[in-house]
Amino acid sequence: MSDIPAALPQDQAAAVDAYFTCELATISKSGIPIAWPVVTLRREDGTFLITTSIGAPQKAFNIRREPKVGMLFSDPTGSGHTTLPEILIQGTAVCPDEIVTAVAELEPYWIKLWRRQPPLALGGRSALRGLVDFYYMRLLITVTPEQVTERPPLDTLIRPKAATTGPAPVPPSASKAFTRTNAALTAYRSAVLATVDPDGFPSLRRVRLTPDPSGEAFLIDAPATAVPHPGPASILCHRHDDTLQNQYSFVTLGRVESRSGAWAFIPTRFIQGSGGDNPLGAIRKVIAVRRATKRYLSARSLPRPRIPWEDLDALYRQVTRSTPDGSAETTRPY
């Protein structure tokens, strides 16, 4: 294991910078690789910065227990390009148990995020911002790349999945996880499959899933260059618009196995992610995250950190002044 990041060639670095999000996979306590969409910042030293709120610390807990992670850059939405290569980065991560609220420590991260997702900063300046102060209590994750794999975009290798008007028929004995996943998949053209390589690193790839009418499984349609490994697995589906708004996602846990010469994903648990909430559901989520934030602080006998709103406001004004129309703009470095 090397402490020196694997250097990215200039074209790969440019492609990575163009992606608005990536899929970060960590390994759960039960050994299942689980991916969620995150925003990353590539640093000059070759490492990647990812942050998470203390109200959603599971990624941090997983990394502190098992530092091997995988990052897949595969959704070009917002980049202005449709043929960006998929780039898988596998490496090790660290996440100190230190809550960061200081703007100076995260200035490049906030600037990148606000240029691509302006309303997020405006939400922090509203009269109700105290209710979501947990968002600015960040844990910092640093990923050191060890191996980089480039693949062609999925649509250049596999014929796009035809649009459907509803979920495919399922067997009468279908499990709840299969049924919910089957219904949710109709809103997405592809999924990110997370498995674990023999060396213990999470591996991710874009695939298409087809319900297997003979059983509670999904057949995996993937390029020959991206054959999955059998064992614990999960799928992530997520989408957003060109300004990182209207975010929707879900994760299904399960396993991958070979069936009659084909690879299949067998779901065991469906986890609803973001999107689709009514106002009451959104309020419940805020309450749940505030409770999780309180638990994180209480477990460490820490007072609730003060958020430097005036510094955040000043930085946001700096970002908006740098654009011709006075509002943050989407940047496309690729």
Side-chain angles (χ1 to χ4, degrees), residues 16-22 24 36-60 63-64 71 78 93-144 240 243-245 247 274 285-286 289-290 292-298 300-333:
V16 161
D17 290 344
Y19 280 102
F20 276 30
T21 61
C22 85
L24 170 70
W36 288 103
V38 298
V39 173
T40 66
L41 177 68
R42 185 176 60 86
R43 291 165 164 159
E44 291 184 359
D45 64 0
T47 64
F48 285 79
L49 172 66
I50 299 168
T51 78
T52 189
S53 162
I54 64 172
Q58 192 58 54
K59 290 188 289 291
I63 287 169
R64 290 168 189 168
M71 299 189 301
V94 294
C95 183
D97 196 358
E98 177 184 353
I99 303 169
V100 175
T101 59
V103 173
E105 293 189 50
L106 285 173
E107 184 172 314
Y109 180 87
W110 291 130
I111 289 175
K112 176 179 179 179
L113 183 60
W114 287 345
R115 282 177 173 168
R116 293 178 169 183
Q117 192 186 48
L120 183 61
L122 293 174
R125 300 173 65 204
S126 72
L128 298 177
R129 63 188 179 183
L131 291 176
V132 293
D133 61 345
F134 53 79
Y135 182 82
Y136 296 97
M137 303 174 193
R138 312 301 291 184
L139 300 172
L140 307 190
I141 299 169
T142 297
V143 177
T144 300
H240 58 79
T243 57
L244 277 177
Q245 301 300 316
Q247 297 183 22
S274 60
K285 278 193 174 180
V286 170
V289 176
R290 287 186 64 85
T293 299
K294 184 177 180 179
R295 287 195 301 271
Y296 193 96
L297 295 171
S298 297
R300 293 156 180 77
S301 301
L302 295 174
R304 198 174 189 92
R306 173 188 172 275
I307 305 302
W309 297 114
E310 61 279 5
D311 295 340
L312 287 166
D313 289 344
L315 180 61
Y316 183 67
R317 288 194 296 270
Q318 176 185 326
V319 172
T320 56
R321 280 199 303 268
S322 68
T323 63
D325 62 356
S327 61
E329 66 178 353
T330 296
T331 56
R332 291 171 179 169

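Given the structure is predicted, the values throughout are model-derived calculations rather than measurements.
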Pairing residues for [X] by the salt bridge (Lys or Arg N to Asp or Glu O under 4.0 Å) criterion, not counting sequence neighbours:
X	result
Arg290	Asp133
Arg138	none
Glu44	none
Lys285	Asp277

Give the minimum heavy-atom separation between [X] and [Y], together with the two atoms involved.
X	Y	answer
Ala93	Ile141	CB-CG2, 4.0 Å
Arg116	Ala18	NH2-O, 4.0 Å
Gly55	Thr293	CA-OG1, 3.3 Å
Val39	Leu244	CG2-CD1, 4.3 Å
Arg64	Cys95	NE-O, 2.8 Å
Ile50	Met71	CD1-SD, 3.7 Å

State the CD1-CZ distance between Ile54 and Phe134, to the nearest 0.5 angstrom.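 The CZ atom of Phe134 is 10.0 Å from CD1 of Ile54, to the nearest 0.5 Å.
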
Approximate separation, where rounding is to 0.5 Å, of Ile63 CD1 and Leu139 CG: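 These two atoms lie 10.0 Å from each other.
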
Is there a side chain to side chain contact (heavy atoms under 4.5 Å, CB included) between Tyr109 and Leu140? Walk through the geometry before answering. CA-CA 11 Å; Tyr109 180 87; Leu140 307 190; over 6 Å; no

Evaluate Thr243 against Phe20 for side chain to side chain contact (heavy atoms under 4.5 Å, CB included), listing each step before the verdict. CA-CA 9 Å; Thr243 57; Phe20 276 30; over 6 Å; no

Per-pair distances, 0.1 Å, donor-acceptor, side chain in residues 96-106, under 3.5 Å, sequence neighbours excluded:
| residue | atom | partner | partner atom | Å |
| --- | --- | --- | --- | --- |
| Asp97 | OD1 | Tyr296 | OH | 2.5 |
| Asp97 | OD1 | Arg300 | NE | 3.2 |
| Asp97 | OD2 | Arg300 | NE | 2.7 |

Can you list everything that forms a side chain to side chain donor-acceptor pair (under 3.5 Å) with Arg295? Sequence neighbours excluded, please.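 Result, side chain to side chain donor-acceptor pair (under 3.5 Å) vs Arg295: none returned.
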
Can you list the residues that meet the side chain to side chain donor-acceptor pair (under 3.5 Å) rule with Gln247, with sequence neighbours excluded?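 For Gln247, no residue satisfies side chain to side chain donor-acceptor pair (under 3.5 Å) once neighbours in sequence are set aside.
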
Applying salt bridge (Lys or Arg N to Asp or Glu O under 4.0 Å) as the test, list every pair that has at least one member in residues 49-60; sequence neighbours left out.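 Counting only pairs at least two positions apart or across chains, no salt bridge (Lys or Arg N to Asp or Glu O under 4.0 Å) contact touches residues 49-60.
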
Side chain to side chain contact (heavy atoms under 4.5 Å, CB included) for Gln58 and Thr52? Distances and angles first, verdict last. CA-CA 9 Å; Gln58 192 58 54; Thr52 189; over 6 Å; no

Using the test side-chain contact (heavy atoms from CB on, under 4.5 Å), find all partners of Thr142 that sit at least two apart in sequence or belong to another chain.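 By the side-chain contact (heavy atoms from CB on, under 4.5 Å) rule, Thr142 matches Arg43, Thr47, Val94.
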
Give the ring-plane orientation class for Trp110 versus Tyr136, where under 30° counts as parallel, over 60° as perpendicular and anything between as tilted.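 Correct class here is tilted.
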
For the side chain of Lys294 and the backbone of Arg304, is there at least one donor-acceptor N/O pair under 3.5 Å apart?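 Side chain of Lys294 to backbone of Arg304, a donor-acceptor pair under 3.5 Å: no, none is there.
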
